[in-house]
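Comments concern the structure below.
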Amino acid sequence: MSVLEVQDLSVRFDTDDGQVHAVDRLSFSLGEREVLGVVGESGCGKSVSFMSLLRLLPETAVVEGRAEFDGVDLLRAPASRLRRIRGRDIAFVFQEPMTSLNPAFKVGNQIGEVLRRHLGLSRGEARRRTIELLELVRIPAPERRVDEYPHQLSGGMRQRVMIAMALACDPKILIADEPTTALDVTIQAGILDLMRDIRERLGTAIVLITHNLGVVADVADRVIVMYAGRKAEEAPVHELFAQPQHPYTNGLLGAVPRPGVAGVRGRLREIPGRVPSLASLPQGCAFAPRCPRADDRTRSEVPELREVRPEHLVACFHPGPDA
């Protein structure tokens with residue numbers, strides 16, 4: 001059963017360079033207790049897509065489509081209804097905890113504010129619950145950490161504080177935007193282990209936005225690959241890694257370091273060319289200028305998503321794994 005259904009989500013901005021389509025007709029669903037990985041290079045529309053669902057974008061953004069959650073279209077719900085959903089039923093963990101946390105307030109006060117606002121707890125009740133949440137996300141000595149400021153915590157601890165704040169009201173959906181960026185591998189492994197534990201203990205559905213395919217392989221159930229604001233491929237995680245169909249997905253997987261496997265002259269494979277500007281996308285497939293399979297049709301027509309294997313969608317005229 002799906003907890004979130006998104007249909008034909010489009011986001012555009014009017015800029016000095018013209019109209020920019022940051023997201024173009026993105027559709028997906030999120031099931032109960034599912035971990036959905038969303039991957040792609042920087043600027044492909046991952047974060048914008050999910051920020052638009054909670055209406056966190058600037059007023060200059062034009063958002064169209066439908067996003068059904070608990071019988072409510074998030075894109076058309078009254079602001080008062082959305083404020084009750086945002087932070088309580090759908091929680092967002094932003095990319096950089098040092099800029100997301102207020103440096104002038106103790107971390108306990110910042111988590112407690114969420115509890116008081118959404119659950120109506122008293123200050124004493126909020127403090128006790130905050131300590132429980134810090135313990136849940138495996139921060140040592142939570143009774144002491146609750147009275148510390150963000151700058152007194154390590155990067156990994158700050159990230160855990162952000163997750164604790166997001167989990168404060170037992171949300172149905174947790175959206176984690178690059179939760180392991182700039183963390184060392186040991187801390188990263190701890191964050192991923194924590195997310196698995198959250199799913200198992202609380203039954204929370206998780207959206208994991210990342211450019212790290214190793215993270216996706218470790219925790220996700222299903223993967224969406226985005227390129228230039230469009231969905232390029234979608235498949236169950238094991239299917240995607242075993243049988244990638246889009247040339248862009250093949251390129252991403254080919255660039256992942258593998259112990260004992262060396263490319264030409266010991267170099268990693270790379271995707272040639274550059275990501276196109278969203279203000280001036282190619283006429284046909286956005287990936288065509290970088291694609292080894294591109295032909296005249298690819299350069300003149302935009303490929304639509306189609307099912308090439310059960311539950312495996314790809315937007316490509318010439319799908320298939322690399323030889």
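Position 1 is the first residue of the sequence; numbering continues from there.
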If we only count heavy atoms from C-beta on, is the [X] to [Y] side-chain gap below 4.5 Å?
X	Y	answer
Val225	Tyr248	yes
Val39	Leu213	yes
Arg290	Val275	yes
Phe287	Ile271	yes
Arg86	Leu56	yes
Val62	Val11	no
Leu53	Val6	yes

Electrostatic pair [X]:[Y] at N-O distance under 4.0 angstrom:
X	Y	value
Lys46	Asp177	no
Asp89	Arg84	no
Arg127	Asp147	yes

Applying the 4.5 Å side-chain criterion to the ILVMFWY set and letting contacts propagate, would [X] and [Y] be lumped into a single cluster?
X	Y	answer
Val223	Leu305	no
Met157	Leu192	yes
Val219	Ile163	yes
Ile131	Leu121	yes
Met51	Ile173	yes

Under 3.5 Å donor-acceptor, [X] side chain and [Y] backbone:
X	Y	result
Glu239	His312	no
Glu307	Glu311	yes
His21	Val23	no
Glu135	Pro142	no
Arg199	Arg33	yes
Ser2	Leu4	no
Glu34	Gly31	yes
Arg160	Ile139	no
Arg293	Gly320	yes
Gln245	Gln243	yes

Full working for salt bridge (charged side-chain N to carboxylate O under 4.0 Å, His left out) between Glu113 and Arg116: CA-CA 5 Å; Glu113 182 182 4; Arg116 294 195 302 273; 5.8 Å; no
Worked check of salt bridge (charged side-chain N to carboxylate O under 4.0 Å, His left out) between Glu5 and Arg66: CA-CA 8 Å; Glu5 287 278 354; Arg66 185 176 65 84; 5.7 Å; no
Those residues that, when tested against Phe50, pass ring-ring contact (aromatic ring centres under 6.0 Å, His included) (two or more places apart):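 Expected list: Phe28.
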For the student: nearest non-hydrogen atoms of [X] and [Y], plus distance:
X	Y	result
His246	Cys316	CD2-CB, 3.9 Å
Val308	Pro319	CG1-CG, 4.1 Å
Ser49	Leu26	OG-CD2, 3.6 Å
Ala22	Leu278	CA-CD1, 3.9 Å
Ala228	Pro276	CB-CG, 4.5 Å
Val237	Ala220	CG1-O, 3.1 Å

Worked check of side-chain contact (heavy atoms from CB on, under 4.5 Å) between Glu233 and Leu240: CA-CA 9 Å; Glu233 188 165 359; Leu240 186 92; 3.7 Å; yes
State the [atom1]-[atom2] distance between [X] and [Y], to the nearest 0.5 angstrom.
X	Y	atom1	atom2	result
Leu133	Arg128	CG	CZ	13.5 Å
Thr249	Tyr227	OG1	OH	12.0 Å
Thr130	Arg123	OG1	CZ	11.0 Å
Cys169	Ile85	SG	CD1	13.0 Å
Met162	Leu167	CE	CG	11.0 Å
Leu9	Lys231	CG	NZ	11.0 Å

Whether over 12 other heavy atoms sit under 6.0 Å from Arg117 CZ: no
Ser280: partners by side chain to side chain contact (heavy atoms under 4.5 Å, CB included), with sequence neighbours left out: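 If we apply the side chain to side chain contact (heavy atoms under 4.5 Å, CB included) test to Ser280, skipping adjacent residues, the hits are Ser277.
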Evaluation steps, side-chain contact (heavy atoms from CB on, under 4.5 Å), between Val207 and Ile209: CA-CA 6 Å; Val207 176; Ile209 303 170; 4.1 Å; yes
Any side-chain donor near an acceptor of the partner, Glu64 and Ser10, under 3.5 Å: no
No-hydrogen, no-angle side-chain donor-acceptor test under 3.5 Å, His211 and Glu41: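 There is no such pair between these side chains.
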side-chain hydrogen bond (donor to acceptor under 3.5 Å, both in side chains), paired with Glu148, selected from Arg145, Gln152, His151: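 When side-chain hydrogen bond (donor to acceptor under 3.5 Å, both in side chains) is applied between Glu148 and each of Arg145, Gln152, His151, only Arg145 qualifies.
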Extract all donor-acceptor atom pairs below 3.5 Å that involve side chains of residues 74-83 and protein atoms in other chains or at least two apart in sequence.
from  : atom 1 : to    : atom 2 : distance (Å)
Arg76 : NH1    : Gly65 : O      : 2.6
Arg76 : NH1    : Asp73 : OD2    : 2.7
Arg76 : NH2    : Gly65 : O      : 3.2

Step-by-step salt bridge (charged side-chain N to carboxylate O under 4.0 Å, His left out) determination, Asp24 to Arg230: CA-CA 5 Å; Asp24 185 11; Arg230 299 169 183 162; 3.1 Å; yes
Stepwise side-chain contact (heavy atoms from CB on, under 4.5 Å) check, Gln110 with Val161: CA-CA 9 Å; Gln110 297 185 58; Val161 168; over 6 Å; no
Residues Asp70, Lys172; criterion salt bridge (charged side-chain N to carboxylate O under 4.0 Å, His left out); working and verdict: CA-CA 10 Å; Asp70 256 3; Lys172 295 180 180 179; 2.7 Å; yes
Tyr149/Val107 under side-chain contact (heavy atoms from CB on, under 4.5 Å): CA gap, chis, key distance, verdict: CA-CA 6 Å; Tyr149 293 90; Val107 296; over 6 Å; no
